[in-house]
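Structure first, then comments.
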Amino acid sequence: MSNQIASIDPNVDPYGYLGIIPNTDGSITRSQIPPRPFFTTIPDHDSSVFIKDLVINPVKDTWARIIIPRKVLNSENKLPLVVYFHGGGFVMAITIDTPILQKFCATLAVEIPAIIVSVDYRYAPENRLPAAYDDCVESLYWIKNTHNELLKKYADFSKCFLLGTSSGGNIAYHVGLRVAGVSEYLKPLEIKGLILYHSLFGGNERTKSELRLACDKMLPFNVSDIMWELGLPIGSDRNHPYCNPMMEIRSNENLFDQVKIQGWKILIIDCDGDPLIDRQIEFSKMLKAKGVQVVDCFSEGGFHGCEYFDGMKLKELTLVVKEFMRGN
């Protein structure tokens, strides 16, 4: 999130907060579209990681950033692979080059340690869901087929985790469901689990935490409503399965069969300062009831995406993720 957008009160100007201007015909004008520079060395001189940017699909203008702890560059040991999907409510013009995302990924890469592939995908409403899901599934096949020497040399493809923040957590969940049944086609890439951090889910009926934090400074429900209005297929409401996973979970008894066959574990992380906390708790309980291996980590305080802005909380998050990955 840019400083300009972060300084706007979402309860006063939700569209300005999202960096967009609504047009009368239902389209939007973006107040700013960040540049997409490509780097072979990290621009802010972070000596702890090495980065490389690569195009995934030039037609869609999707790309990925590989983030490698520098200490592994002289080692023969391979590290687990984390494929990261960033947030932004499907709508905000956030790229993997956004400084807070870069810091987040660099910290994870060094502290776990792991190879991070941070994936950029198309925005809504220019490309509504399931476009982001399509792009992120494509990124997994791109990794599988990669000729990139950095990934081939340093990443352990047999230990892959999908990690997503906010709308990226939503993406990680839906991408996971899509690819669980086609694991043979992804080899040598083997997914071991999903890490869902403050996942952006919703529904027509407000939860108690959404009502309690209706005027939240990070994710008030007027902002999330706009995100869903612009992100979902035209004509859909917030009970669409892309938004409200409980609808599909309740109606499809076999939804997680392949997840269970693959032996995946799912880590669900949130805090009670996030308006989405009640949805995460319900989601976790439902997955457990369906026989899915779930580890949940619900903490006090905080706010939606707080680890982006608080170094101590980021350290704590890293420890939780590291422990989860170590047990898989």
Side-chain angles (χ1 to χ4, degrees), residues 80-85 87 108 112 114 133 136-137 140 158-183 186 189-203 207-210 241-302 304-307 313 316-328:
L81 175 64
V82 175
V83 183
Y84 178 65
F85 308 127
L108 290 175
I112 292 176
Y133 304 154
C136 293
V137 168
L140 299 181
S158 71
K159 295 180 180 178
C160 176
F161 296 83
L162 306 186
L163 165 62
T165 301
S166 191
S167 55
N170 177 300
I171 291 171
Y173 169 71
H174 285 285
V175 168
L177 287 182
R178 281 197 185 189
V179 302
V182 294
S183 59
L186 282 175
L189 195 66
E190 295 184 31
I191 297 170
K192 297 298 184 182
L194 311 180
I195 303 167
L196 312 180
Y197 162 56
H198 294 200
S199 298
L200 182 65
F201 295 130
T207 66
K208 289 182 179 179
S209 61
E210 287 170 343
Y242 294 163
C243 176
N244 188 350
M246 304 303 288
M247 306 303 291
E248 188 174 22
I249 293 172
R250 293 190 181 107
S251 64
N252 185 349
E253 286 295 323
N254 303 315
L255 184 62
F256 299 110
D257 285 358
Q258 290 300 320
V259 170
K260 291 184 284 188
I261 288 171
Q262 298 300 324
W264 292 2
K265 292 183 180 179
I266 300 179
L267 172 61
I268 301 173
I269 304 168
D270 209 344
C271 61
D272 68 6
D274 181 5
L276 303 177
I277 182 64
D278 285 355
R279 295 196 183 277
Q280 313 301 329
I281 293 172
E282 181 187 22
F283 180 60
S284 176
K285 289 179 179 178
M286 181 63 79
L287 292 188
K288 291 175 181 178
K290 295 294 184 179
V292 179
Q293 299 180 74
V294 174
V295 177
D296 49 39
C297 180
F298 300 133
S299 59
E300 296 181 356
H304 187 73
C306 57
E307 284 79 1
K313 288 189 178 296
E316 293 169 5
L317 172 69
T318 303
L319 290 174
V320 170
V321 172
K322 181 177 183 177
E323 185 64 25
F324 174 77
M325 291 175 59
R326 182 181 292 167
N328 284 276

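Only a predicted model underlies this, so the values are computations on that prediction, with no experimental measurement involved.
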Less than 4.5 Å apart, any side-chain heavy atom of [X] and any of [Y]?
X    : Y    : answer
V295 : V320 : no
V82  : L108 : no
L276 : E210 : yes

Checking side-chain polar atoms at under 3.5 Å, does Y242 have a donor or acceptor matched by the opposite partner on N170?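 Short answer, no.
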Before you tell me yes or no, could you show the steps for F201 and Q280 under side-chain contact (heavy atoms from CB on, under 4.5 Å), namely the whole-Å CA-CA distance, both residues' side-chain angles and the distance that decides it to 0.1 Å? CA-CA 8 Å; F201 295 130; Q280 313 301 329; 4.2 Å; yes
Which atom pair, heavy atoms only, marks the closest approach of [X] to [Y]?
X    : Y    : value
D296 : K288 : OD2-NZ, 2.8 Å
V175 : C136 : CG2-CB, 3.8 Å
C271 : G302 : SG-C, 3.8 Å
Q262 : A180 : NE2-O, 3.5 Å
C160 : V83  : SG-CG2, 3.9 Å
S209 : D278 : N-OD2, 2.8 Å

Hey, mind stepping through L162 and L140 against side-chain contact (heavy atoms from CB on, under 4.5 Å) and telling me if it holds? CA-CA 10 Å; L162 306 186; L140 299 181; 3.8 Å; yes
If you apply the rule side-chain contact (heavy atoms from CB on, under 4.5 Å), what do you find for I195 with M325, and how did you get there? CA-CA 9 Å; I195 303 167; M325 291 175 59; 4.2 Å; yes
[X] [atom1] to [Y] [atom2] distance, which is reported to the nearest 0.5 Å:
X    : Y    : atom1 : atom2 : value
I112 : F324 : CD1   : CZ    : 11.0 Å
K260 : Q293 : NZ    : CD    : 10.5 Å
S199 : D270 : OG    : CG    : 8.0 Å
R326 : L319 : CZ    : CG    : 9.0 Å
I249 : E282 : CD1   : CD    : 8.5 Å
T165 : L200 : OG1   : CG    : 11.5 Å

So, W264 side chain and I191 main chain: donor-acceptor pair closer than 3.5 Å or not? yes
Is it true that a side-chain atom of Y197 and a backbone atom of E307 form a donor plus acceptor pair closer than 3.5 Å? yes
Neighbour count >12 (heavy atoms, 6.0 Å) for atom NZ, K159: no
Is it the case that more than 12 heavy atoms not belonging to K285 sit under 6.0 Å from its NZ atom? no
Parallel, tilted or perpendicular: ring planes of H198 versus H304, cut at 30 and 60 degrees: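 Tilted.
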Is the ring pair F256/Y173 parallel, tilted or perpendicular, if the boundaries are 30 and 60 degrees?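 Taking Y173 first and then F256, their aromatic rings sit tilted (interplane angle of 30° to 60°).
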Evaluation steps, side-chain contact (heavy atoms from CB on, under 4.5 Å), between F161 and L267: CA-CA 10 Å; F161 296 83; L267 172 61; over 6 Å; no
